[in-house]
Amino acid sequence: MPLSKTYNASEYEDSVYKQWEESGAFNPDSADRGAKPFSIAMPPPNATGTLHIGHSMMLVLQDLMIRYHRMIGDKTLWLPGTDHASIATQNKVEKMLAKEGRTRHELGREQFIAHVETYVAESRARIRTQIRKVGASCDWSRERYTLDKGLSRAVNEVFVRMYNDGLIYRDYRMVNWCPRCHSTLSDDEVKYKPETTKFYYFKFGPVIIGTARPETKFQDKTIVVHPDDPRYKDLIGKEFMTEWIEGPISAHVIADPIVDQTFGTGAMTITPAHSFEDFDLAKKYHRPVVKIIDEDGNLTKEAGDFAGKNARESREAIIEKLKAKGVVDHIDEQYQHNLSVCYRCDTPVEPLPSLQWFVNVNAPTPRGKKSLKELMRTAVESKRITIIPHRFEKIYYHWIDNLRDWCISRQIWFGHQLPVYYCKKEKGGCGETVVSADKPDFCQKCKKETLIQDEDTFDTWFSSGLWTFSTLGWPDAAEEKAGKVKKTGDLATFHPTSVMETGYDILFFWVARMILMSEYVLGEEPFRTVYLHGLVLDIEGKKMSKTKEETLIDPLDVIPKYGADALRASMVVGVTPGNDLRLNEEKIASYRNFVNKLWNIGRYIIEFSEKEPASSSAKQGLSTADAWIISRLNVVVEEVTTHIKQYRFSQAAEALRSYTWDELADWYVECAKVEGGKRPILFSLLRAVLALWHPFIPFVTEVLYQQYREAAKDLLDEKTEQPPLLITHPWPHVQKKYTDKKAEEDFTLIRTIIQAIRNARVENGISASQKIQAVLYSPARSELLQTHEPHLKRLASLDFVTIIDKGDRPSNAIFLKIADVEVYLPLGLMRIEEEKTKIAKQLAETQSQIESLRARLADQQFLAKAPKNIVKKEQEHLAELQDKITHLQEQQEKFTA
RNA sequence: GGACAAUUAGCUCAGUUGGUUAGAGCGUACGGUUCACAUCCGUAAGGUCGCAGGUUCGAAUCCUGCAUUGUCCACCA
């Protein structure tokens, strides 16, 4: 069946993917035994629903690298999976429950989890199909899920190790609390939103204090001032009674340099339970920590009349009460500050003290006594890990320097429960805390069966931090003896992984945590290179969101409409690492057009190129055009390969695009039509071009390749290796023997002549269909011109070409000069004046160029300091320009003559 | 408050270590039914590379300052 005039992506994509999958090509076990391993752990999408355009970005870039490495013969593993994403998933399911008017508490923990798991199973199935739609060639046989048995065991194992190494502790400390999620958050999970709010000034005994959060201040009894502040010097150490929200209280004044004298009144009260700094201050001065706000965001009994009410909502009422007492000094209505909110639900975060589990990032680990912070830092500093683009390395260091202990316990039901067991005194136990990877039957200390597991689950990033090695079989696949880790199986083959490709937005959340975990657990980096891509934004540079349908690009809409290849190309071409991509549908449509162009190049070669070699060209071997296009192919193979190796995917695609379109299609194919009998060459060019394009646009290239292979049967002998699928086709290699600079120069000359004639035609208003005559004069190149007479005729629409190497040249003709070839287009006397003006303009331009060049070449400094090849180039250029002047002048004379 | 980045054609963006005439796609203008492709072909127009200094024989590229935009981090009651 003949191929259709336009490429219909949706007709082929699913079946092509199936072919790949069934061929076993995705599985690295099918690679040669001694092949070099290359591996990528796919960032596991959250098991919360559907893939968005950001996921396409990562899939496309990773698939590109994976396919390239598979083609160069590496043992290539791309391991897919999904993340249970504790808070995000729980939130989503809770929202769904809320629509039915139910809460997770009504269901109870066990039922709720079962409910979530059902949802996750559906969601994961959906994600799998979506990943396939993009064309991702990942090894499904190794797919993992963060709640898999093996991965859960890894989580417990790491926790126990860290606990035993003194890196994990439980403490009553300030945490970020989301009253809506009802859980702690790590520092990184808190976002800041600028806000204009009221700032209140209160008369508090002898001073005036300022606060934005009066609802936290019920039990404030300590005033802090700066020791050097002259305003308050005499007050330090004094005690006094003052009227306050719930009646008179006794307060006293202390001094600490932490106070900023320029902020507010320079005097503040300590709110130990609801501010990180105040909590530290309270500890320092042994002040009691009294909780004013509880885990629901409500005021505690310490708030007297306000007890039980929502803290934030009570603010105004509290102010009214204080106003009535005459305690309010004044209110600043325009106070600018940042409100901390939960990154998952945007609810304002309450800092409050709580008993939680933490990872100590400063304590020495068994890995060379370095702290986790130091381990993270060294991995990058030592260049064992390279981050692309490099500027993110600085950002990474800065983050490490500011890092505080990591709160890892969450009051979420969905996730890995902490492997911590308490011997409950209430049940007659001894109160011991037991940390154990496997659930113990009885308390190790009192031997009673009174153990209750900690209700909390892990921060989801704790488990995803293990992703690169937990997915490869750790802990079973590793043994540690005297600080040396011995790896087996996949872990030995594929870890450290080669590349971590992900968005820069999760550098801290995830990339840093993976480095922490791998360095601590295995003493090696989780990956050698981190490639960070940017965000996909709408065309206005704003985040895409479901509420803005007009700018939202959904891969699942776009793929059926334009094809996965078009989407893929739009994620790669013109995109650089770490920079955001502004995307609209038009852009994708333009890449659809490009894919279609490639389709038609292939279609022409496969279906229309003549079978029989023309007798003349067959005898003479390669024509100039042949030698040129083959030589150029070599250059392009080298360029594309280098660019991909250096992670410059956009430039790789650009070089290929230019070769395929501007050279192969526009010139070589046209020349082949003139010369005839080019089928073998066209076929081998097509094969190489399809292979080079395959990592970028795998579907259309695979379809064309299979068509080509079918069509080329008569040309292929048994020995020539032609794998049935392009996905396993070897990457084209550079063959120096085909480099032919002479052919490149010769062909460029012919091409330039044709372009110059076309240009002159348009400028002189000659319609494309109208054939004209040309006289070409060149004593030096007449043979080359003679050979290419048919090319000139066809591609420049000439009906008569005269090539002369001596004698008179026509006058009153359009005159063109290309290198040492003179072209005359005798068009009569139609546009003499225009021609004259044009020549005069060109003369002037060339003159000024010559002048600046002469000046440069006369400059002794330049001659002395610039590299010789640059000087030489400049001299050559000058000679060329002078040559041009001479000819322009000749031309001018011809017209005036 | 600190840091990072961006600023190049009307729009979206490339431009590897400083080297001459700064590129692409889209858009625009003009012209095309030659049998692969109108999702196409041909030709062209369009840029003092944000501004001001500096280094250099030579700067879009390196340095300093400024402006605008964006992002991240910190956060003070």
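Both backbone and side-chain heavy atoms feed into the values below; hydrogens, waters and symmetry mates do not. Proteins get letters first, then strands, A, B, ... in listed order; numbering begins at 1 in each.
- At the heavy-atom level, Thr269(A) lies under 4.0 Å from the strands shown only through sugar-phosphate atoms.
- The nucleotide whose nearest atom lies closest to any side-chain atom of Val669(A) is, among A36(B), A14(B), C40(B), A36(B).
- Put simply, CZ on Arg657(A) is 18 Å from P on C13(B), counting in whole angstrom units.
- His398(A) comes within 4.0 angstrom of the backbone, heavy atoms only, and of no base.
- Spacing between A60(B) and U69(B) at atom P, rounded to whole Å, works out to 26 Å.
- The partner of A44(B) is U28(B), judged by Watson-Crick or G-U wobble contacts that both fall below 3.5 Å.
- On the C1' atoms, A22(B) is 16 Å away from G58(B), given to the nearest whole Å.
- The Met268(A) side chain lies nearest to A77(B) when the options are U43(B), A77(B), C75(B).
- Base contact: Asn338(A) has a heavy atom under 4.0 Å from a base atom.
- A cation-pi arrangement is present between Arg404(A) and Phe276(A), with the terminal nitrogen or guanidinium carbon under 6.0 Å from the aromatic centre and inside a 45° cone about the axis.
- For the OP1/OP2 pair of C4(B) and a distance below 4.0 Å, the side-chain nitrogens and oxygens of Arg391(A) include no atom meeting the criterion.
- In this structure, Ser590(A) reaches the sugar-phosphate backbone alone: every heavy-atom distance under 4.0 Å involves primed, P, OP1 or OP2 atoms, never a base.
- Checking side-chain atoms of Asp859(A) against main-chain N and O of Gln861(A) turns up a donor-acceptor pair under 3.5 Å.
- Rounded to a whole Å, the CZ atom of Arg856(A) is 12 Å from the C1' atom of A59(B).
- A close approach under 4.0 Å does occur between a side-chain nitrogen or oxygen of Arg582(A) and OP1 or OP2 of C13(B).
- Straight-line distance from the CG atom of Asp280(A) to the P atom of A77(B): 16 Å, rounded to whole Å.
- No engagement by Thr642(A) is indicated, since no non-hydrogen atom pair under 4.0 Å with the nucleic acid exists.
- Remark: the Arg592(A) side chain and the U39(B) base include a donor-acceptor N/O pair separated by less than 3.5 Å.
- Taking 4.0 Å as the cut-off between side-chain N and carboxylate O, Arg312(A) and Glu350(A) count as a salt-bridged pair.
- Residue Lys5(A) places at least one side-chain N or O under 4.0 Å from the OP1 or OP2 atom of C37(B).
- Nucleotide U12(B) holds its P atom 19 Å from the CD atom of Glu654(A), rounded to whole Å.
- Here, C40(B) and C35(B) have their C1' atoms 14 Å apart, quoted to the whole Å.
- Taking 3.5 Å as the limit, the base of U16(B) and the side chain of Arg648(A) contain a donor-acceptor pair of atoms between them.
- Contact check on Asp662(A) versus Arg657(A) returns a salt bridge, with a Lys/Arg side-chain nitrogen under 4.0 Å from an Asp/Glu carboxylate oxygen.
- For the OP1/OP2 pair of C11(B) and a distance below 4.0 Å, the side-chain nitrogens and oxygens of Lys587(A) include no atom meeting the criterion.
- Within the 4.0 angstrom heavy-atom criterion, no nucleotide atom of any strand lies near Gln860(A).
- No hydrogens or angles considered: nothing links the side chains of Asp538(A) and Asn584(A) as a donor-acceptor pair under 3.5 Å.
- The CZ atom of Phe392(A) sits 13 Å away from the P atom of U71(B) (whole-angstrom rounding).
- Among the protein residues, Thr211(A) comes within range of the sugar-phosphate backbone only, with heavy atoms under 4.0 Å from sugar or phosphate atoms but none that close to a base.
- Using a 4.0 Å heavy-atom cutoff across all strands shown, Asp260(A) reaches at least one base atom of the nucleic acid.
- The residue Asp666(A) sits close only to the backbone: its heavy atoms come under 4.0 Å of sugar-phosphate atoms, none of a base.
- Using a 3.5 Å distance cut-off with no hydrogens or angles, the side chains of His791(A) and Glu670(A) do not pair a donor with an acceptor.
- Rounded to a whole Å, the CG atom of Leu535(A) is 10 Å from the P atom of U71(B).
- Distance noted for atom P between G19(B) and A59(B): 11 Å (whole Å).
- Here the side chain of Ile539(A) is nearest to one of G32(B), C76(B), U12(B), namely U12(B).
- In this structure, C76(B) forms no base pair with any nucleotide, since neither Watson-Crick nor G-U wobble geometry is met with both distances under 3.5 Å.
- Taking only distance into account, the side chain of Glu670(A) meets the base of A36(B) through a donor-acceptor pair shorter than 3.5 Å.
- Using a 4.0 Å heavy-atom criterion, one finds that Asn579(A) contacts the sugar-phosphate atoms exclusively.
- Both tests hold for Lys673(A) against Tyr604(A): distance to the six-membered ring centre under 6.0 Å, angle to the ring axis within 45°.
- With hydrogens and angles left out, the side chain of Lys394(A) and the base of C4(B) share no donor-acceptor pair within 3.5 Å.
- Comparing Ile270(A) and Leu853(A), the nucleotide of RNA chain B nearest to each residue sits closer to the 5' end for Leu853(A).
- Rounding to whole angstrom units, CD of residue Gln651(A) and P of G15(B) are separated by 5 Å.
- Note on Ala267(A): nothing from the nucleic acid sits closer than 4.0 angstrom, heavy atoms only.
- The environment of NZ in Lys543(A) is sparse: at most 12 heavy-atom neighbours from other residues, nucleotides or ligands sit within 6.0 Å.
- Judged by distance alone, with hydrogens and angles left aside, Asn402(A) brings no side-chain donor or acceptor close enough to the base of C73(B) to form a pair under 3.5 Å.
- Separation of the C1' atoms belonging to U21(B) and C26(B) is 25 Å when rounded to the nearest angstrom.
- Place Tyr591(A) and Ser650(A) on RNA chain B by their nearest nucleotides, and Ser650(A) ends up nearer the 5' end.
- Regarding Phe508(A), its CZ atom lies at a distance of 15 Å from the P atom of U71(B), rounded to whole Å.
- A29(B) and G46(B) are spaced 11 Å apart, taking the C1' atom of each and rounding to whole Å.
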